[in-house]
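To start, the structure under review is shown below, and the notes come after it.
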Amino acid sequence: MYFLSGWPKRLLYPLGSPAEAPFHIQSDPQRTFFAVLAPARLSIWYSRPSVLIVTYKESPKSSSQFGPYKQAEWRPDSTMIAVSTANGYILFFHITSTRGDKYLYEPVYPKGSPQMKGTPHFKEEQCAPALNLEMRKILDLQAPIMSLQSVLEDLLVATSDGLLHLIHWEGMTNGRKAINLCTVPFSVDLQSSRAGSFLGFADVYIRDMEYCATLDGFAVVFNDGKVGFITPVSSRFTAELHGVWPQDVVDGTCVAVNNKYRLMAFGCASGSVQVYTIDNTTGAMLLSHKLELTAKQYPDIWNKTGAVKLVRWSPDNSVVIVTWEYGGLSLWSVFGAQLICTLGGDFAYRSDGTKKDPLKISSMSWGAEGYHLWVISGFGSQNAEIESDPKSIVKQPGILLFQFIKSVLTVNPCMNNQEQVLLQGEDRLYLNCGEASQTQNPRSTSAHSKHQPSQEKSLFADTGLESQGLSTLLGHRHWHVVQISSTYLESNWPIRFSAIDKLGQNIAVVGKFGFAHYSLLTKKWKLFGNITQEQNMIVTGGLAWWKDFVVLACYNISDHQEELRVYLRTSNLDNAFAHVTKAQAETLLLSVFRDMVIVFRADCSICLYSIERKSDGPNTTAGIQVLQEVSMSRYIPHPFLVVSVTLTSVSTENGINLKMPQQARDAESIMLNLAGQLIMMQRDRSGPQIREKDNNPNQRKLLPFCPPVVLAQSVENVWTTCRANKQKRHLLEALWLSCGGAGMKVWLPLFPRDSRKPHSFLSQRIMLPFHINIYPLAVLFEDALVLGAVNDTLLYDSLYARNSAREQLEVLFPFCVVERTSQIYLHHILRQLLLRNLGEQALLLAQSCSTLPYFPHVLELMLHEVLEEEATSREPIPDPLLPTVAKFITEFPLFLQTVVHCARKTEYALWNYLFAAVGNPKDLFEECLMAQDLDTAASYLIILQNMEVPAVSRQHATLLFNTALEQGKWDLCRHMIRFLKAIGSGESETPPSTPTAQEPSSSGGFEFFRNRSISLSQSAENVPASKFSLQKTLSMPSGPSGKRWSKDSDCAENMYIDMMLWRHARRLLEEVRLKDLGCFAAQLGFELISWLCKERTRAARVDNFVIALKRLHKDFLWPLPIIPASSISSPFKNGKFRTVGEQLLKSQSADPFLNLEIDAGVSNVQRSQSWLSNIGPTHHEIDTASSHGPQMQDAFLSPLSNKGDECSIGSATDLTESSSMVDGDWTMVDENFSTLSLTQSELEHISMELASKGPHKSQVQLRYLLHIFMEAGCLDWCIVIGLILRESSIINQILVIIQSSEVDGEMLQNIKTGLHAVDRWASTDCPGYKPFLNVIKPQLQKLSEITEEKVQPEAFQPATVGKTPEQTSPRAEESRGSSGHGSVPQGELGGGSLISRKEEDMTQAEDEEPFQDGTYDCSVS
């Protein structure tokens, strides 16, 4: 409703002695002037600009006679002020304006600016007037005066001797006698049967009182703390008065009255405010609600505030401000929703956590339209401190101005059928619908096609065009701020009403006279061209948008006529383009519903008009015709009490059993908020139904209305919509009420399922209350959201030095901003329906909203709230709701996630209660696995771990781990490894660990790829320039997975996990899923080479070469080769050069830098370890980096340090940076071929060759796998990959290995048969392979010769890989020596790679000595 904005302002008050400090402020009825009292002076201040106009100073002699001033009261026409003094005098001052054109302050315009001198009222608006104050009359009442109150033309004065004086404003008593309070009978209510008792003690008097015009009586507080309400028995004030009082208030201190809602707010000594209303039937005082701080919100201060000092209602009666004896300020809505309190948060504490002194307020008064609160701050009675510290300005009493922003709903309630939040400040508007120009939803596009008649027909269609997109309404936390045109504000301040259209693209504002409107699309204001027209109209009942028109009710000053006017937005703002309808009486409220305007008038009548667009000639106007008039004077005691009036399509019937269903869409009923009571008047359908024969809508006779029915009490705002949506009927046909401190209510329609006949006993609507944490300002119907705003504060005290900080207002007060908020309410409604056994309705409603993005959150919230309440309740709950809620949630597919998310956000102590209702977590876990929802299953695992013994959670974790491996959910796999590990180490019944050193580690930890520390400089100090000496020292634990788990290397848990990883790898190989195998190894850090070495003759052998080849083609998206047309003269057949790769190799071997020898001294390294440190990054980045194209290739080949090792290995990137190979192999191919002279047919063939290759990423992956298999000695797989890459060099290389080392005869036999099978398959099914097979025929023959030579399988050592026999044979022989030299070919991966290799005899491995010392050279050729 109301929100603080910015910092308070301090007004410059003329400094005198502390004895002349101000202590009381009172605004005049128009809130233009403010009377400020000091003990012996009366000052008049002007509101805009906020300046002092005149001061009257009492002479010391008369001052001692009258005593200090106490209170001031204005005459209703602002021409006189009555001031009461301590010694019982009332002084009457006349205010006269100085004659002539004299003004105290006038605006100064720069030369040549179009100032508004010619406008009527110019001087009054723009300048602060010069006034004179003179004392005309003195009245002595001979007793201290307690309270002054202006009542119509009289002044009511209560004195401390228990008398009430009625005094005429001219200072005469008119011969009337004072009323003695002892003669006024008081009773509990006004029913005549009971005689009232009299106030039975002598010294009773009124301490505070206020007149309530709409109740025609006074709210009073007596000196003993009792409170009451005194009303005249007859209509005029006579001696005959009667009083009522509540029995239970005995500590009243002050009172304030709300005329619009007929409420009396009594401040109490306990610090709470009790708000009473008068019962219409009995006249008794009924407690409406209390305003009190709760211990929950303000634990340290809630009962230490002192008595309530002041209570003040805002000018529009929508909020009340309360201040206490010990300081502090709080703001509440009419029915008790707390909006602001300065006793907590940044108001009460500095940024360093120390407590501030609360602001003490001695008097306060609201400014015009509630934009300002004028406050006189007295910081206690610290006179001594003030004198001793003259610099401390803040501590001196002065006038502060608090600035407020308020919701449009407070003054223009017709905005309640819209979904925007619009706040109005003194000179700006805040909107929640983002930039209108940027809205990309269908609505904004439809805004431009409004002039087409087809658009009108679709207004009620189910397209949802009328509802703005969620993204725009919720977009971001900031407001869209529109500055109100200063030209309009200058002469029309303050802004009284504002309205925004349905699309959120146009705004209209109303000031003192006329109105102006603004387009968010063009960002321009439109004002009246003729200023006299603007100054001639006063808008009375608010304004509303209808399509492209502004509809408003105004008073025409020159004609003295009430009018209803419609202006078109697109035409100039001029009465010539307006449609004007005369009205009988003053319009108080106006609202638009579809194509109808509903108006509430000062004679308590409601009038319905139809509105339609007319295009006669060039000008488009809107025509308005009266449809129906309804008199409400029987039901409404005072027209001012009507807060809002709305037409809605809501009725007690659902439209199912109506004879004519289209009538359900018509304007069914009038909703009237009468002083907080929501009254509904429906159409009376009991009479004969009219047949719709005449299609002319203007001649259609509308049905009369039934007598009113009260729907709800304490209603502040009402929201309905005129849209329809068959999917979300519950939400769109509901009525939403905001009830202040009681939260919200919704009047929800109940629909029978499948349009069955409704039960006769089942009501067709139900009122459900629910609490929300924000103050609601708009309801998004389909989206099940409430939009609101909330004050936020920013501290700036750290900007000031400590010594000067005490003077600054910015330090005492935080800077206030208004934030947008929103809240889901659906879970509250579902819960309320379930509570009332309306599960079927709850299900219908939930299903209609299940597409909302936050629907899972709704279910979770509902489960969580019910669980918290029931599980923590002290008493047993007779009818628990949790089982019902659980059963309800099972109806939705999100059931499993909802339960587990709720459990994980709840404390462990409540889990048993939760799972007793929703089911055993083991069963739920299994359901997740069946539904393939692994992430949710993982969450259940955490719950199982806490609720079950370790064995159970291990069993379930294993299930989940295997499933995750199957589906390639690598992140989950990593978590599961860690989880299984944690279970193992945390168990007490772990079996004694057995050393399992004979198993080389099979899975490097997945932290391998996290930290790289590669440096060439660390150890290259005293080395010859041609060599680097690379030191690598490792101390490894003896267990198989020492690298992965530092904590417990011999733990059986590692073995358990390794077994599962091996089993998975075996399955992948058996199913020829090499790509998956590569991903698996890279993602989980699985040590593929050492595992393949072990499985070389088992799982890692190729059983069927043809199937393997086909599968690889498919997996790596590698095209099967085809025979090109020019293949007869192919250079490949001629043997001119074999493949692109070989040409590449020749050009590279010329680079001298690549012949660099590296002397690497490596000690105690497992062979798999040294491999991993080189190939690791290729593992890891095989999926990520390689997809970015060839230029990134050098990134794969940098070696990688193990976690916790100190090593420095020359990285391949370092080598290639200075060579020509930075861009990878494709650029090399281009460079090399550009130097060759090729014939046309050769070029064609090369292009064919390139076209028949697969994607670059696949090529990199295949070459990487080739490496791995080479290293592990799985030569049959190398052959398959060589075939698919169609590179004879690979086949050559394998041949060299077979010749130079002892290879298992069985494997050779397998390779031979496999290649024959491929040859046969190529002949029959895939002739594209034949050319390549022909190229490698000599190698194949050599292979079969070797196979026949090998008589028995021998242990072998995998030798170095080379490209051509000439290059590698010397190295190959050397590598068999005991010193363990290894040579590494260059270009195998298509980029620079440095491979440090370690050979070891299989016999050594069998003797369980996996480590071998030694240093060896690595030459890169």
Side-chain angles (χ1 to χ4, degrees), residues 316 407-424 429 431 433 447 450 459 466 468 495-511 514-520 526 537-555 562-570 573 578-581 583 586-601 606-613 621-627 642-649 667 670-673 717-723 777-779:
D316 56 24
S407 161
V408 181
L409 294 173
T410 56
V411 283
N412 197 22
C414 74
M415 289 289 300
N416 60 10
N417 55 1
Q418 306 213 0
E419 304 194 346
Q420 289 92 359
V421 175
L422 178 61
L423 305 182
Q424 58 187 47
L429 300 168
L431 288 88
C433 41
K450 277 287 162 96
L459 269 178
E466 297 258 317
Q468 200 151 11
I495 296 299
R496 295 184 298 133
F497 307 113
S498 55
I500 187 168
D501 68 345
K502 279 239 161 68
L503 294 165
Q505 290 171 355
N506 302 294
I507 309 171
V509 295
V510 170
F515 77 103
H517 60 82
Y518 174 84
S519 160
L520 277 102
K526 208 174 256 193
M537 65 185 279
I538 299 178
V539 176
T540 56
L543 78 165
W545 286 90
W546 177 76
K547 294 181 181 166
D548 255 3
F549 296 90
V550 180
V551 184
L552 49 85
C554 64
Y555 177 69
E562 301 287 347
E563 295 173 343
L564 196 64
R565 296 187 185 181
V566 184
Y567 290 85
L568 180 64
R569 174 181 67 83
T570 48
L573 201 46
H579 176 85
V580 181
T581 307
E586 183 189 348
T587 302
L588 298 181
L589 293 164
L590 170 145
S591 174
V592 171
F593 175 84
R594 294 198 182 127
D595 296 337
M596 293 169 92
V597 180
I598 180 169
V599 159
F600 178 75
R601 303 211 187 103
I606 290 175
C607 190
L608 301 180
Y609 294 91
S610 69
I611 180 169
E612 57 179 344
R613 178 193 286 273
T621 59
I624 279 192
Q625 287 179 321
V626 179
L627 287 179
V642 178
V643 181
S644 70
V645 60
T646 337
L647 263 178
T648 72
S649 51
I670 295 174
M671 294 287 171
L672 200 81
N673 185 346
N717 281 313
V718 188
W719 292 275
T720 67
T721 180
C722 53
R723 293 200 306 280
L777 296 176
V779 175

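Reckoned from all heavy atoms, side chains included, excluding hydrogens, waters and symmetry mates.
Minimum heavy-atom separation, Cys554 to Arg565: SG-NE, 3.4 Å. In terms of heavy-atom proximity, Val421 sits nearest to Ala778 at CG2-CB, 3.8 Å. Between Ser649 and Thr721, the closest heavy-atom pair is OG-O, 4.1 Å. A pairwise comparison of heavy atoms in Val779 and Glu419 identifies O-CG, 3.9 Å as the closest pair. When every heavy atom of Leu422 is checked against every heavy atom of Ala499, the shortest pair comes out as CD2-C, 4.0 Å.
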Please assess Val550 against Asn506 for the test side chain to side chain contact (heavy atoms under 4.5 Å, CB included), listing each intermediate value before the final yes or no.
CA-CA 10 Å; Val550 180; Asn506 302 294; over 6 Å; no
Under the side-chain hydrogen bond (donor to acceptor under 3.5 Å, both in side chains) rule, what do Thr540 and Glu586 come out as? Steps first, then yes or no, please.
CA-CA 7 Å; Thr540 56; Glu586 183 189 348; 4.9 Å; no
From CA spacing to verdict: side chain to side chain contact (heavy atoms under 4.5 Å, CB included), Leu564, Leu590:
CA-CA 10 Å; Leu564 196 64; Leu590 170 145; 3.6 Å; yes
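Taking CG of Asp316 as the start and CG of Asn412 as the end, the distance is 12.0 Å to the nearest 0.5 Å. We find the CG-OG distance between Leu429 and Ser498 to be 5.0 Å, quoted to the nearest 0.5 Å. The distance from atom CD of Gln505 to atom CD1 of Ile500, rounded to the nearest 0.5 Å, is 9.0 Å. Atom CG of Leu627 and atom CD1 of Ile611 lie 11.0 Å apart (nearest 0.5 Å). To the nearest 0.5 angstrom, Cys414 atom SG is 9.0 Å from Leu589 atom CG. Atom CE of residue Met671 and atom OG1 of residue Thr648 lie 4.0 Å apart, to the nearest 0.5 angstrom.
No side-chain heavy atom of Val642 sits under 4.5 Å from any side-chain heavy atom of Leu588. Using a 4.5 Å heavy-atom cutoff, the side chains of Ile670 and Val645 are in contact. Taking 4.5 Å as the limit, every side-chain heavy atom of Phe593 sits out of range of all side-chain heavy atoms of Leu608. Residues Met537 and Leu552 meet the side-chain proximity criterion, which asks for heavy atoms closer than 4.5 Å. Val411 places none of its side-chain heavy atoms less than 4.5 Å from the side chain of Arg496. Under the 4.5 Å side-chain criterion, counting only non-hydrogen atoms from C-beta, Lys547 is in contact with Asp595.
Between the Lys526 side chain and the Arg569 main chain, a donor and an acceptor come within less than 3.5 Å of each other. Checking side-chain atoms of Arg613 against main-chain N and O of Ala622 turns up no donor-acceptor pair under 3.5 Å. Judged by distance alone, the side chain of Gln420 and the main-chain N or O of Lys502 form a donor-acceptor pair under 3.5 Å. Remark: side-chain polar atoms of Asp501 are not paired, donor with acceptor, to backbone N or O of Asp548 under 3.5 angstrom. Looking only at distances, a side-chain donor or acceptor of Trp546 sits under 3.5 Å from a matching main-chain atom of Arg594.
Among Tyr567, Trp545, Phe497, the single residue meeting the ring-ring contact (aromatic ring centres under 6.0 Å, His included) criterion with Phe515 is Tyr567.
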